[in-house]
There are 2 protein chains.
Amino acid sequence: MDGKAYIAQRPKRADGRRNYDAILAAARKAFESTGADASLEDIASQAGVAIGTLYRHFPTRASLVEAATRDGLENLVAHAERLSGAADPLDALTAWMREAVAHFSTFRGLVGILAQSMYDEGTPSHTMCNAMHRSGADLLRAAQAAGSVRPDLTPDELFDLLSGAAWVREQAAGDRDGSPRFLQLVLEGITIPRA
Amino acid sequence: MDGKAYIAQRPKRADGRRNYDAILAAARKAFESTGADASLEDIASQAGVAIGTLYRHFPTRASLVEAATRDGLENLVAHAERLSGAADPLDALTAWMREAVAHFSTFRGLVGILAQSMYDEGTPSHTMCNAMHRSGADLLRAAQAAGSVRPDLTPDELFDLLSGAAWVREQAAGDRDGSPRFLQLVLEGITIPRA
DNA sequence: ACCTGAACACCGTTCAAGT
DNA sequence: ACCTGAACACCGTTCAAGT
């Protein structure tokens, strides 16, 4: 709520940096196989460090999740900037939306954390969520200005749709992944047919 | 996976039935305030019984969730049957969809349990999910036969859309509930304008 | 600055003893 | 048939002692 969330930083000392990296690698693996509520003790032992070391670098689970997803979400924002000003703003928006859904559902439980972080300043991922919100809003505005997307759709609504699609994807066990179709239905619902 | 999930039954002996009911009441209250992962010990103590008694009646958390939501979801199915054969099949479908979203998001975590139960037979809520699937499919088919809904939409996809809307609603903290708008966008996306 | 691991707390789950 | 609560297991979190 007060924008004071702790953001993990890569240490300067060599041993600290080695452990930091090992914990992040173990965390990504554990999150992907077990979900965002994977055991922190397992992660520490997989990384070959004591549990206190994990807590020293990542005082909360949220700070670990933030650090584990930071690069991927930064890429998503960077890609949006590359797409902005594209020849076809609708193509740009839909391509970005597909990518966003994939990133949001990197592991089970992530999209819920991101959805909470979007409107809670006291959360480590809030800053990144704000950046994504801006990126998405820019692409949306361009597509609306081109007359390709219904003009009454707000950025908040866009993110609800993206999050819903990502959540459906995260629920899907292996085969039955309804999210491409989900997103397709959403897209056909919000786009304006070329006359 | 094997359809052998334990379904809680209301005991015949008076003291057992009293405790069973008290546990269910406490569970509903706890689920609504804390979510589906509310502490079972808290629920037991709120109900005025020992933890062993809770486990006797509800051997798994899933069986308690199933029992706590059984009546509400039965009503949803019953309502679908009343709506079937309505004068306007599209109105019937949309009314039912709104009701379904409300029921699916009775408390935080429920829609995830239901989404899992839909395709996992080894789960207490699977039977009820099947019934809801049938109900929704009937209303969908009627609306499609009337030419009101795009004919390529499958019941599975309908439930993905409903679940997505319910999940958005469950994430929303108090005020910002995007689910009515979410559902509205979905509905406008899947319906066929009357010519 | 950073690491370790024992210590504490909390909660889920089981089960022997009881009515 | 049903209830109780102690006992065990597991895991998150902290912190004093160490390098």
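A, B, ... follow the sequence lines: proteins, then strands. Residue 1 opens every chain.
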Side-chain donor or acceptor of E170(A) paired with backbone N/O of G109(A) under 3.5 Å: yes
With distance as the sole test, does H126(B) use its side chain to make a donor-acceptor pair with the main-chain N or O of G122(B) at under 3.5 Å? no
Rounded to whole Å, CG of L54(B) lies from P of dT14(C) at a distance of 12 Å
When you measure from the side chain of R70(A) to the backbone of M128(A), do you find a donor-acceptor pair of N or O atoms at a distance under 3.5 Å? no
Mapping G52(A) and R13(B) to their closest nucleotides on DNA chain D, which lands nearer the 5' end? R13(B)
Give a yes or no on whether Q46(A) atom CD has more than 12 heavy-atom contacts from other residues, nucleotides or ligands under 6.0 Å away. no
Value in whole Å for how far the P atom of dG12(C) lies from CD1 of I51(B): 7 Å
Close residues, residues 56-64 of chain A, relative to DNA chain C [heavy-atom separation under 4.0 Å]: R56(A), H57(A)
Hunt down any stem DNA chain C takes part in, defined as 3 or more consecutive Watson-Crick or G-U pairs whose two distances are each under 3.5 Å. C:4-8 with D:12-16, C:12-16 with D:4-8
For D37(A), is there any backbone N or O sitting under 3.5 Å from a side-chain donor or acceptor partner on R108(A)? no
Check for a donor-acceptor pair, side chain of T94(A) on one end and backbone N or O of D91(A) on the other, with a separation under 3.5 Å. yes
Check the angle between the aromatic planes of W167(B) and W167(A) and answer parallel, tilted or perpendicular using the 30° and 60° thresholds. parallel
Give, ordered by number, those residues of residues 18-50 of chain B having at least one heavy-atom distance below 4.0 Å to an atom of DNA chain D; if nothing qualifies, reply none. N19(B), V49(B), A50(B)
Any side-chain to backbone donor/acceptor pair from Q144(B) onto L153(B)? Under 3.5 Å, distance only. yes
